[in-house]
Each structure stands twice: as C-alpha cells, then as structure tokens.
Amino acid sequence: MRRQYPFHLIEPKWQRDWLDRKTFRAFDPGEPVPDSHPFRRRHKKPVAPSKADPYAPRRYILDMFPYPSGSGLHVGHPEGYTATDILCRYHRMRGCHVLHPMGWDAFGLPAEQYAIKTGQHPRKTTEENIATFRRQIQALGFSYDWDREVDTTDPKYFKWTQWIFLQLYHAWFNPATQKAEPISTYRGSDPDSVRLAYVAEVPVNWCPDLGTVLANEEVIDGKSEVGGFPVERRPMRQWMLRITAYAERLLEGLDALDWPEGLKLLQKNWIGRSEGAAVKFQISNLKSQIEVFTTRPDTLFGATFMVLAPEHSLVDTITTAAQKSAVAAYRKECSSKSDQDRQLAKEKTGVFTGAYAINPVNDEKIPVWIADYVMMGYGTGAIMAVPAHDDRDWAFAKKYNIPIIQVVQPPTSAKTDELFTGDGTNINSGMITGLATPDAKKKITAWLEEKSLGKKTIQYKLRDWLFSRQRYWGEPFPIAWKSDKHHAMETSQLPIELPEMGDFKPTGTGEPPLAKATEWRKLPDGSLRETNTMPQWAGSCWYYLRYLDPKNPTSFCDNKKSEYWLSPISNLKSQISNHPAGVDLYVGGAEHAVLHLLYSRFWHKALFDLGHVPVPEPFHKLVNQGTILGEDGQKMAKSRGNVVNPDVVIAEYGADAMRLYEMFMGPLEQTKPWTMTGVEGVYRFLGRVWRLFADEASLEAFDQKLTMLGNDHAAAEKTMTEIKLHALINNDAPNPTQLTTLHKTIRKVTQDLDAMGFNTAISAMMVFVNEAMTWPNRPSSTLKTFLLLLAPFAPHLAEELWSKMGEKETLAYEPWPKYGDQYLVENEVEIVLQVNGKIRDKVRGTRSLSEDALKSLAMENPRVKEFISGKTVRKMVVVPGRLVNVVVG
RNA sequence: GCCCGAGUGGCGGAAUGGUAGACGCGCUGGAUUCAAAAUCCAGUAUCCGCAAGGAUGUGUGGGUUCGAGUCCCUCCUCGGGCACCA
C-alpha cells in the first residue's frame, strides 16, 4: 500500500528534536529556565512559577510505570500512555506547568526466573528489557521528561526504598493520635511489638514452586498470581508491615478521592470493615475464656454451640481426655489440607472438644466444637454459633443435630423454623425481647460492656502486609541480626546492595538465596545481615515521589519540590476543583486495585504522618484504562497468537496513527477489541489531513524522488522541504461557514478533552477535515488553528505541518485555541414536528421563533394536518428552537 | 451465593428526557486507471413499497412522561471482583 504521508521521515525527526531540545523538561520551582526553551517564551518568566503563580497552574499527570518484561511493549501499554500524553500536551498548551515522567518497575520474579532459566544475571536482562521498553515508548512520541526517569533496581533509587522501610521500622502507630509517630514516643516495654515494620511468626502463603512466600493480595484462588502455582499455608518467621493500623484511615480517605466508584468499592471490600461486639464466654470448670467476635450480638440468646478454628491455641487446654484422639485426628486432617481444598469442601466438618462454655446472657451450657469453617485469621478465630440466624451455623447444626433456637422473628411472616439471617424483632431474648434488630444490638452491647463481658468492636478483613520474599532480585532489608535480635542499619550505610552471586537460585527450604552469600552477610560487629528481600511492590509504593526529585543524593524527595508538585491547587476554571491529594491524574490498569494502590496509600500516609510528604493521599484522580483484546475478541496471549506488536503497527502506519487508533477505538475505560482495519481508518484520516495542506503535484514529485533515494534517510528527510503547500491555502479571512465549522470543532475537542472523551474528539476533527476538503479555499489561519487541536493527538504530523505553514517554533507551548460563541449561534434551525410523540415532519425556521409562531407553524403543516384530522387537539408541547409536539386524542 | 459494570446496525461505537445509529470499519455502485493499488463521489438499521411514504426498532416484560437508548421496577445474558470474614 502506498504511504498516505511520509510518517517514517516526520516522526523520527520530531522525536529527535524534542529529545535534543528537552522540549518537555519540567522545571522545578526556582530552577532557571534557559532563554531558548519554549516554556520560557510561553510564560515570560525567568524561573519556573512558584506555587502561588496563577498563570501557570501545575499539573502532575502520571502513568503506572511498566514492568519491563522480555517480550516488550504490547498495545495495552500505550493505551493509557497515549491518553495521558494527549492530556499533558493539552494542558501545556492551556498554560499549565506539566510534570509527566516515566520509569521502570524492574525488580521482581519474572526477571529472576528468566535469569535462572538462561543463566544470565537478572541485572543484564533487566537492562536489556529497559532499553527495549524505552525505545518502544520513545517511538510513540510521548512527551515525558526523560531527565526524571527512575529505575527501581538502581542502587541510587532503592537506597531510598530502604530508607522508607527504616522510617516504618522506627515508627509506631499511636492509637491515641491515630497516626504514626517515632518509636521514641512509645512508652511501653516492648517497642518491637508495635513497630510499623515488625517480625512475626505467622501462617504465611508459601509457594514451593516459586520458593517464596506471598502476600494475601498475590494469591488468587489458592494459586500464585505470578505463574499460577499452588500456595500452601505454613508458619514462618517473616517481616510484616502494619497496614492494619491504617485500616480506618485507608477506608475514610477514599471518600475524597476522584476514583471510579467500583474501584473504591473494591478497596472498601478488601479492607472489610464490620461493626459488632467482642464477647467473652467462660469455659465450664476451667479458668479459660473464649473470646468471639460477632456482628450479631442481638442473637446471643440463640447461641447453641461455639466453634474454634482447629489451629486455635485454646484447643489443647479445653479438650477433654475422652475427645483428645478425635480432636488430634481432625486437626491433623485440617493441617494437611490446602486452603483451596478447604474452600472447595462443601460439606461442613468438625469435632466436639468435650468442653462446654457458659453463655453470658443466660448461663446456658453450650458445647464447644472445632471446625475448619472457622478461620484462625479473622476475628479471634472463634465464634458463637447461632444456627437459627446464620446459614453456616445452620448447616453445621443440622448435620450434627445441635439444637436450633429462634431468637429473631422475620418482619414479614409469623414465627417459622426456617433459617432467617435478616433483621427482625427479637423473641426469647430476655431483656432485648421485642426490640428491632438495630436496637437489640445496641442494648445488648451496652449490657455486655456494663458487665465487662464484652465490648463494641470493629473488625477488618485486611491483614498485615507480609513484606519479605525468599528471592534474590529485590531490595535487601537494611536490617542485621545479632543474638536473635534485629537492629536497623544506619542511614549512612545505605544503600545495602545485592551481593554478586553465581548461584542465586531459591534454596527450596524457605531459606533465602542471600543466605548463601556468607561473606556478604557478615558485618564487622559480628552481626549477620537479613537475607530476605522486599517484594516487587516496595519500589512502586513511592516512585511517584522520586520523580519529583529523581537525582537527589541526600533526600528521597526535597520538601520544596513535593510541596510544589503535590499541594492542592486552584486550577483553570473548568478543571478539577481543589483537592487534598497529590498526583492530579493517575492512569493505569484496574488489576492493581488492592495491591499497588492500597500499599502505596499506606506508605504515603505513614510518610505523611512522619512529616515527609505534604498531603495525606498520593493519587487524587484515578482512571483505569480498559483491556485491549485481540482481533478475535479474546484476551491477547502469546499462546493464542493474537498479540499485536506496536513496532509492527508503527512501521506500517506510524506512531500518530497508532496513537490515534488507540484513542479512537472507544471510551478509554472500556474493554475493546483491536482491528487493523480500524488502524487503517485513522491512518487514512491523517492522510487526508496531509493532503489538506500539501500540494498533490509536489507530493508526486516527492514520491518519485524518495524511490530514487532508496535508503538514504537523511537525504529523504531533506527532500521533504520540496513539498509545497496546497494551492487553495491563502491568507483570506475565513468566511462565516468556515468560522462556524472551526469553532464548533474547537468547542467539541476542548469539551471532550476535559471529559477525557478522546474518541469523540477525534470524530469531531474528522468532521472538520471532511468539510474543509470541500471548501473553495483554505484560509491559513483556520488551518493552523486546526493543527493546534490535532497536536495533542498526532503531535508529529501537527508539528511538521505547523513548520510547513512557516512557523519556526514547536507548537507544544502555543496557546490552546478558544472558541467564540458568536460563531456558534445558528439562526436557521430544523424544527421537528411531532404528533403524539411521533415525528411527522421537519421544517426549517429561525431560532428565535416564538411559541405561538411555532404552534401555528405546526398546525398549518400539511403532514401534521393529515395526522390530526378528525381528532381533538388536547395539548401542544413546544420546545423553542427544537420541536413542537401536537397531542391529539 | 454476594457486590459492581455492561447489553444500541454486519463490526467498534455516537446520542443535556426532545430528529436513535455522529465518526470510523466493512459492504454495494460509480468516477479515475491499460489494469491494480491509492484517491474521490453516492448509498448502506429491519420489513412492506416502483416511488412518495408507512410500520417496526437500543437484551426481556412492565411503569412514569406530551415524548424514554436515557428515569423507576422485574427478569435474562455477558464481563469483572469477592467468596465459609462470623
């Protein structure tokens, strides 16, 4: 196919130009801006504006940085990147000071596994992958400030990841102030028990195939998120981060964020707050007590048995001699079952311990069972079972013939012996009989508190974050051990770099590979380094902060800079209003809803409490781009052979066409399938833009010359200057039709950009070009204004034509066009005539026609007359300038 | 099972409660060409009709309204998340 236009010459030329001139460099407050830089020409300021500067509000627009995998970019990456790039270019033209950085999330399992497989060092493959990703991303012409590039595996970067870990290690969450404070403010006897980073022996998700433990968030259906290997529970001593301390604040903070509601809900459910009561049950004939958590204290009178998780520490104490062997056998059976098996088992199982507990509200003796439908990890690992009002307890009681006592009457029916789990009215419930469920809850909880038998309690599903991994390719902990006690390294000793190792394979025993680096482990004072490494999420928890000050050797981020880029701003009038959080817009995949986005918020809040960042939330507005499917409508996968390689698309149609198609496919947030014919469609549009400006004859001559020049790229690029402007382009003032078309387009594109409606903005530009092609002349001012609209979407072509139109400077900082209402008022409008809501005719009329005029217009219309003849006119509805509806009956 | 989101031509998708199907793809016909590619022009929801025109039409069934793709209720299908969380 003949090239629609020489994008292969235009695109590299402008990419080179932008990089060489650092066109998209984001200047920090107080930093001198070179005279020659277009930012300075636009803003006429000697230095970048300060926070108060009303003329250049700042905008921080961020992409989720990629994990540079070996297979390179796929077309899903540029979707979000294109959207943010368009907005960045738009906001620069609107006079904003834009920060738009890119970097690499390069630690992690895939790199290490690949390295083990091929026998190369992960650093080498990581470097190669980054080079590929950088090349591919730059080939799309994104306006990143490459001076701010970060790489999580760079010691200069992870020095500060380790430093933040130390901030957490040296801090505790003070329940009185509800914030993190230096550990020095802690008055208790054991500071190690309250640190935000702590060591604990806990049942963890151990994945034998990966040779490491995983966080809850990394386990999906009992399998590892990476690789899909089975995961089992086993107790291990691990580093944990006390994210649960922030459960309430992580939940509350969501309200002020401009995130998709669905995603907020995902986080809410993951945090899983539930209100209820903790209730203590005395064990009959023993000193022990069982504490349970229940959301239904109002059903206490219906508790007919109790259940402990098989792993509960009280099991040994309370089991009677007669039940010992049965209990032991059951516990053994449970421990051999994986989490997945436990979930798949539909039938409930359990064993009686022989012990009885006393129900505190009525002193009834109820049996204590153990059963694996009670989880050790939630609440207290013990429940009071109310079979009449809980479906799990119901199933269990039915199976083991345990009595069922109704204590809540359903609001609708009379008393039944059916399971009922909703709200109703209490019966058979002592002092709360007759109360509605919410009142009953309040009263019984108050009663329990008064008697010191229980108290109001809030439980969360969220668990502390298991933070250590038994892998090589991650950040080492800045921690050392001596006599089984851990201590922190000094900040001055950071970064703790990875040792060079020939063999960094997992040991398979749960001992980390770094344990094999015996020399590296040893410290002069006789202590040994921690050999676990941090999970992949560590580096991505704070990278958006490092972008603000990527080269600072003495601080993770200078306060003045974070103050400037993250503080609330008063924006351009039509834009986002004041907001409490940092990054103005964050675009990425929804798969990070409970991983990166939750972890990041947690770290940020801790840093905020400790005074290291100026705002309480990291990401104010978040948008998830939808998945791009293959041409077959299936998820892109190598195994399906439906993966689209951006390199191929760019080679055939160019970066501008690729960008445009990614946006034209449909709404950003939607899942949608790729089609190459669709790419060709937008490519043809760009060709039409080109021919709107370029003279056909000179294009033919140029094409012939290109063929002669063969592979001489430099000569070909030069030859482009021989392409002449189209003969219809002149300096005449645009006529009213042309002005109306132009200003309609300005309005539509501007409004769509503000609403992130990229597909419809492109469609509006197509409409413009289709019309402009039919004009008798092409006023240069009109055409140039159109180029400014096109520039954020197809920046290479726009720059090339801009300079062809005689402009000497980049259009990246040209003021965004304004539309004038005076060009948009159309006097002649089409009036729709309806009878009983059905369209019967359309007539032209002036916009200003009065209601009465419109009414008579309708009544005199022959088509309308036809449909109302012989009927009574009951009513007439008039929408001025739009329609008349005659209601007859 | 529970919680979200979505159902519009052959396809991707447009539509402040007021002309359903913008724009693009595909398809059909035409111009250009020795021919093709590319380009340009016209048409393209369905059914009836030579036409003018009519009827139907936004997953299903109901409702509100002068008027519903849009608002309310019911059900169905698909996509995503959670899943013994007491």
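Chain naming here is simple, since letters A, B, ... match the order of the sequence lines and numbering starts at 1 in each. All heavy atoms count here, side chains included; hydrogens, waters and symmetry mates do not.
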With rounding to whole Å, what would you report as the distance between [N] and [M] at their [atom1] atoms?
N	M	atom1	value
rU28(B)	rU16(B)	C1'	37 Å
rG62(B)	rC2(B)	P	26 Å
rU77(B)	rG24(B)	C1'	28 Å
rC75(B)	rG1(B)	P	13 Å
rG57(B)	rG63(B)	P	15 Å
rC40(B)	rA55(B)	P	38 Å
rG79(B)	rA68(B)	P	32 Å
rA31(B)	rU19(B)	P	39 Å

Can you measure [X] atom [atom1] to [N] atom [atom2] for me and round it to whole angstrom units?
X	N	atom1	atom2	result
F758(A)	rG24(B)	CZ	C1'	18 Å
R863(A)	rG53(B)	CZ	C1'	7 Å
N770(A)	rU39(B)	CG	P	13 Å
L266(A)	rG5(B)	CG	P	12 Å
L789(A)	rC23(B)	CG	P	18 Å
M766(A)	rG13(B)	CE	P	15 Å
Q625(A)	rG5(B)	CD	C1'	17 Å

How would you label the contact of [X] with the nucleic acid (heavy atoms, under 4.0 Å): base, sugar-phosphate, or nothing?
X	value
T294(A)	sugar-phosphate
D391(A)	nothing
E261(A)	nothing
V767(A)	sugar-phosphate

Just N and O in the side chain of [X]: are any of them under 4.0 Å from OP1 or OP2 of [N]?
X	N	value
R840(A)	rA55(B)	yes
S274(A)	rA86(B)	yes
R3(A)	rA37(B)	no
K842(A)	rU19(B)	no

key: Conformer about C1'-N of rG5(B) - syn within 90° of 0, anti elsewhere   = anti
task = May I have the step-by-step check of side-chain hydrogen bond (donor to acceptor under 3.5 Å, both in side chains) for R691(A) and Q4(A), ending in yes or no?
result = CA-CA 9 Å; R691(A) 291 189 297 275; Q4(A) 290 274 352; 2.9 Å; yes
message = We want to know whether Y653(A) and E680(A) form a side-chain donor-acceptor pair, criterion being a heavy-atom distance below 3.5 angstrom.
response = yes
request  = Report yes or no: do Y400(A) and T349(A) form a side-chain donor-acceptor pair below 3.5 Å?
outcome  = no
If you only use heavy atoms from C-beta on, which nucleotide in [options] is closest to the side chain of [X]?
X	options	value
Q4(A)	rU39(B), rG81(B), rU16(B)	rU39(B)
L883(A)	rG18(B), rG13(B), rA14(B)	rG18(B)
R882(A)	rU16(B), rC25(B), rC82(B)	rU16(B)
F664(A)	rA86(B), rG18(B), rG24(B)	rG24(B)
W270(A)	rC82(B), rC4(B), rA14(B)	rC82(B)
R691(A)	rC40(B), rG13(B), rA86(B)	rC40(B)
N269(A)	rG26(B), rC3(B), rA15(B)	rC3(B)
I839(A)	rA86(B), rG24(B), rA20(B)	rA20(B)

query = Would you call I723(A) and D695(A) a side-chain contact if the rule is heavy atoms closer than 4.5 Å?
reply = no
request  = Considering only NZ, NE, NH1 and NH2 on the basic side and carboxylate oxygens on the acidic side, decide whether E275(A) and R273(A) come within less than 4.0 Å.
outcome  = yes
Pairing of R659(A) and E662(A) as salt bridge, 4.0 angstrom limit = no
key: Member of W674(A), F685(A), Y683(A) meeting the ring-ring contact (aromatic ring centres under 6.0 Å, His included) criterion with Y661(A)   = W674(A)
